[in-house]
Novice: 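Have a look at this one before I ask anything.
First the proteins, then the strands, lettered A, B, ... as listed; each starts at 1.
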There are 2 protein chains.
Amino acid sequence: MTERGFPAEEFRARVARAQQRMATADLEALLLTTEPDVRYFTGFLTRFWESPTRPWFLLVPARGDPIAVIPSIGADLMGAAWIEDIRTWVSPNYADDGVGLLADTLREIVSTSGRIGTPSGAETHLRMPLESWERLSRALGERKLVTDADILKRLRMTKSEREIAKIRQACEIANRAFARTPDIIRAGEPLDRVFRTFQIACLQEGADWIAYLSGAAGPGGYGDVISPATSKPLSPGDVLMLDTGLVWDGYFCDFDRNFSVGAPDPKTEDAYKRLLEASDAAFERAKPGATTADLFEAMNQALSGGGGGSAVGRFGHGLGMQLTEPPSLIAEDRQVLEPGMVLTLEPGHEFEPGRLMVHEENIVIREHGAEYLSEPAPRRLPRLST
Amino acid sequence: MTERGFPAEEFRARVARAQQRMATADLEALLLTTEPDVRYFTGFLTRFWESPTRPWFLLVPARGDPIAVIPSIGADLMGAAWIEDIRTWVSPNYADDGVGLLADTLREIVSTSGRIGTPSGAETHLRMPLESWERLSRALGERKLVTDADILKRLRMTKSEREIAKIRQACEIANRAFARTPDIIRAGEPLDRVFRTFQIACLQEGADWIAYLSGAAGPGGYGDVISPATSKPLSPGDVLMLDTGLVWDGYFCDFDRNFSVGAPDPKTEDAYKRLLEASDAAFERAKPGATTADLFEAMNQALSGGGGGSAVGRFGHGLGMQLTEPPSLIAEDRQVLEPGMVLTLEPGHEFEPGRLMVHEENIVIREHGAEYLSEPAPRRLPRLST
């Protein structure tokens with residue numbers, strides 16, 4: 001049984017790696033505002049982030065332990081793992097929702113003309129009001145708010161063994177839910193009920209919650225992979241796809257499975273076979289030293305002889321504390337793979353106009369190659385009863 | 001049965017109200033980047049926002065229909081409701097992830113020195129990378145990116161009848177799940193299994209998904225309301241609290257229920273009674289013309305004779321497309337209540353050191369007073385079997 005939480009040594013190691021990179025980037029502090037970035041250094045795990053009302057701040061100084069500057073409602077939980085310096089205000093506060101306390105703390109730990117890094121590049125955002133950001137910037141005088149030089153992205157991209165174990169646990173829960181699907185879903189069920197039934201199965205198999213479920217169904221393939229479920233019943237000949245990002249102890253899996261309602265037509269069976277060949281090809285290439293672009297090319301070659309690409313925009317991505325993380329499996333991404341990176345392989349193709357099919361596996365990069373975290377999909381399209 | 005989706009007339013009315021306020025605020029366009037703001041004008045409902053990778057943009061011009069500037073993966077779904085002008089790029093794109101297309105579109109609809117409003121105040125954030133925001137700002141030349149003058153906040157705070165019906169539907173699903181709780185949860189169950197069982201009940205009763213569940217259990221009261229569930233079993237004398245934000249067709253409920261495992265001690269029973277008196281008092285005050293501060297004071301008076309407040313920071317909030325929305329029920333909030341506002345009444349008190357109890361109801365403001373959307377909690381603390 002995988003344990004919940006992390007020992008303090010895990011967080012200390014993350015902070016040490018961050019501080020090493022901060023020195024190189026000439027940053028005297030990191031300012032973090034989003035759920036995964038705050039959690040990465042603190043272990044602060046709560047669904048309370050679903051409420052957009054209150055801002056939360058974590059500061060990583062150049063030396064020493066992180067300082068949490070947070071609403072008082074979070075003080076107990078923030079103190080539960082290893083963070084000791086916790087400064088709180090009662091939020092919401094219309095006169096000053098934490099900015100004053102944050103600025104005071106930054107003035108304390110950053111020299112008069114020091115630089116403060118905050119994640120600013122692709123796939124990031126600043127989780128605080130723009131007006132507060134501008135106030136903060138003015139309150140800091142000569143101290144400069146700059147990019148974090150991708151430090152968070154780089155650190156989080158390579159997972160520790162403890163993180164990998166949690167992602168594996170999430171994958172195993174989803175494996176069991178997918179394995180039960182032919183027993184619990186059959187022709188005639190409306191898609192919205194299918195979505196509910198599958199989420200129930202994920203909870204029964206041990207998910208803490210289901211942060212993401214998408215899916216689609218259509219005759220011999222589907223048209224779109226992000227639309228909500230309608231009440232249209234599954235019909236013989238439909239392909240059903242379910243794609244889940246369930247969470248265990250704050251870590252995600254993200255993979256899908258396809259099912260044929262009754263016997264698939266030969267074109268559908270062939271399209272499925274090519275998807276598996278594509279993810280197989282990427283799996284073979286997924287070794288330290290190869291790049292994300294190499295994995296994209298391997299899949300693109302297998303699917304379309306190299307002329308492909310799709311509206312989805314990529315053939316996989318990083319995975320961990322979020323459903324999707326850097327890097328992206330696209331031709332332009334030149335990330336060199338390293339042991340500990342967790343990726344999804346997610347080839348997709350519109351094999352006939354309006355007939356799309358996507359397939360997804362979760363892997364971790366090891367010294368000698370890739371290892372599956374998801375149980376690889378069956379070689380023939382599994383069937384649901386009609 | 002409440003219908004899913006909205007007719008185009010609902011969206012047109014929202015746009016017309018926005019454009020009226022934009023004229024007053026001298027804004028030639030609104031730039032929206034977050035899930036609820038984009039959905040408010042478009043009906044674009046998908047769990048795909050769980051992936052932070054891709055930015056999404058919606059522009060509301062001074063005249064005419066909104067323009068979506070979005071990743072190609074969303075084009076089909078964006079076209080499904082009523083939006084016609086959909087401009088897409090294949091994302092992720094490291095050279096330019098939509099900023100060029102967004103800037104071109106803004107230059108087309110905003111005059112050379114025009115003002116573009118984006119939500120910037122309390123409870124908002126900008127869902128795009130800071131680096132993209134700075135690039136956009138430079139690309140716009142003399143056109144100014146400014147606050148939206150709280151237009152989104154003001155518009156979304158008052159709900160249409162169709163929106164209220166969806167929130168009511170979410171509440172009714174939660175009512176049924178809470179009603180079943182004494183049948184499905186009993187002493188000895190670990191709290192993490194309680195959380196799973198309750199989420200399953202919500203799905204069985206018709207939730208599309210459960211975006212939020214928090215809870216706590218402790219002897220005669222609990223210590224914290226945002227921590228994740230541990231595996232500690234429920235014991236006789238514990239108070240269990242479950243607080244759910246489940247979603248139906250994109251709209252939330254947000255209320256909790258308390259349960260005593262076996263018979264409660266008199267102090268616990270009394271603390272519960274005072275919570276109900278507090279929410280009753282606020283319910284009575286909740287009429288058009290009263291303010292959010294009045295509701296706070298009514299609850300604060302009932303709980304502590306006026307000397308109270310808590311680390312939670314407020315006694316309720318707005319509710320709708322998000323788990324929590326403006327306004328806040330705090331002493332400093334002077335929002336005048338209007339028909340159509342949906343609020344939570346959420347009194348809480350630490351009635352003895354380390355023994356906290358919170359209670360929550362969902363209401364809508366009508367011409368003549370408040371109406372419950374949640375089924376009001378039982379007058380005596382309900383019991384779970386030991």
Novice: Can you tell me how far OG of B:Ser120 sits from CD of A:Glu134, rounded to the nearest 0.5 angstrom?
Specialist: 7.0 Å
Novice: Based on non-hydrogen pairs under 4.5 Å, which of A:Asp249, A:Leu126, A:Ile200 is most in contact with chain B?
Specialist: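 If we count pairs closer than 4.5 Å to chain B, A:Ile200 comes out on top.
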Novice: side-chain contact (heavy atoms from CB on, under 4.5 Å) between A:His125 and B:Met128: does it pass, once the steps are laid out?
Specialist: CA-CA 5 Å; A:His125 71 271; B:Met128 65 188 285; over 6 Å; no
Novice: Rounded to the nearest 0.5 Å, how far apart are CG of A:Leu323 and CZ of B:Arg47?
Specialist: 10.0 Å
Novice: If you look at every heavy atom in B:Ser51 and A:Thr324, which pair is closest and at what distance?
Specialist: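 Closest approach of B:Ser51 to A:Thr324: OG-OG1, 2.7 Å.
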Novice: Contact part of B:Ile330 toward chain A, heavy-atom cut-off under 4.5 Å: side chain, backbone, both or neither?
Specialist: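 For B:Ile330, side-chain heavy atoms alone lie under 4.5 Å from chain A.
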Novice: Have A:Thr53 and B:Glu123 got a donor and an acceptor in their side chains that come within less than 3.5 Å?
Specialist: yes
Novice: Can you measure from CD (A:Gln204) to OG1 (B:Thr197) and round to the nearest 0.5 angstrom?
Specialist: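 Answer for the CD-OG1 pair, A:Gln204 versus B:Thr197, is 9.5 Å.
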Novice: Indicate yes or no for a side-chain donor-acceptor contact from A:Gln199 to the backbone of B:Asp208 under 3.5 Å, with no hydrogens or angles considered.
Specialist: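 Between the backbone of B:Asp208 and the side chain of A:Gln199 there is a qualifying donor-acceptor contact (under 3.5 Å).
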Novice: So do the side chains of A:Phe48 and B:Tyr212 get within less than 4.5 Å of each other, counting heavy atoms only?
Specialist: yes
Novice: Name the option with the most non-hydrogen atom pairs under 4.5 Å to chain A; the candidates are B:Ala95, B:Pro228, B:Ala211.
Specialist: B:Ala211
Novice: Select one option (side chain, backbone, both, neither) describing which atoms of B:Arg4 are under 4.5 Å from chain A's heavy atoms.
Specialist: side chain
Novice: Taking side chain as C-beta onward, heavy atoms only, is A:Tyr94 less than 4.5 Å from B:Ser328?
Specialist: yes
Novice: Answer with side chain, backbone, both or neither: which region of A:Glu332 has an atom nearer than 4.5 Å to a non-hydrogen atom of chain B?
Specialist: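 Contact with chain B involves both backbone and side-chain atoms of A:Glu332.
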Novice: Would you compute the distance between atom OG of A:Ser91 and atom CZ of B:Arg314 and round it to the nearest 0.5 angstrom?
Specialist: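 Reported to 0.5 Å precision, the distance equals 7.5 Å.
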Novice: Are A:Leu130 and B:Thr118 close enough that some pair of their side-chain heavy atoms sits under 4.5 Å apart?
Specialist: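 With C-beta onward as the side chain, the pair touches.
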Novice: Heavy-atom distances under 4.5 Å only: say whether A:Ile226 touches chain B with side chain, backbone, both or neither.
Specialist: both
Novice: Which heavy atom of B:Glu131 sits nearest to which heavy atom of A:Gly121, and what is that distance?
Specialist: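 Minimum heavy-atom contact is OE1-CA, 3.8 Å.
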Novice: Between A:Ala207 and chain B, which part of the residue has a heavy atom less than 4.5 Å away: side chain, backbone, both or neither?
Specialist: backbone
Novice: Without swapping roles, check the side chain of B:Arg196 against the backbone of A:Gly206 for a donor-acceptor pair under 3.5 Å.
Specialist: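 Yes; at least one donor-acceptor contact below 3.5 Å.
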Novice: Checking A:Ser227 now: which residues fulfil side-chain contact (heavy atoms from CB on, under 4.5 Å) with it, not counting sequence neighbours?
Specialist: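 Expected list: A:Asp224, B:Leu77.
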Novice: At a 4.5 Å cut-off on heavy atoms, which part of A:Phe195 comes close to chain B: side chain, backbone, both, or neither?
Specialist: neither
Novice: Please classify the contact between A:Asp254 and chain B as side chain, backbone, both or neither, with a heavy-atom cut-off of under 4.5 Å.
Specialist: neither
Novice: Relative to chain A, which segment of B:Trp133 carries a heavy atom at a distance below 4.5 Å: side chain, backbone, both, or neither?
Specialist: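 It is the side chain, since no backbone atom gets that close.
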Novice: So what's closer than 4.5 Å to chain B heavy atoms on A:Ser214: side chain, backbone, both or neither?
Specialist: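 Neither part.
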Novice: Just give me the residue among B:Pro92, B:Ala122, B:Ala80 that pairs up with chain A most often, heavy atom to heavy atom, under 4.5 Å.
Specialist: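 Top option by heavy-atom pairs under 4.5 Å: B:Pro92.
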Novice: About how many Å separate CG of B:Leu203 and CD1 of A:Ile210, when rounded to the nearest 0.5 Å?
Specialist: 6.5 Å
Novice: Below 4.5 Å from any heavy atom of chain A, which atoms of B:Glu50 appear? Answer side chain, backbone, both or neither.
Specialist: both
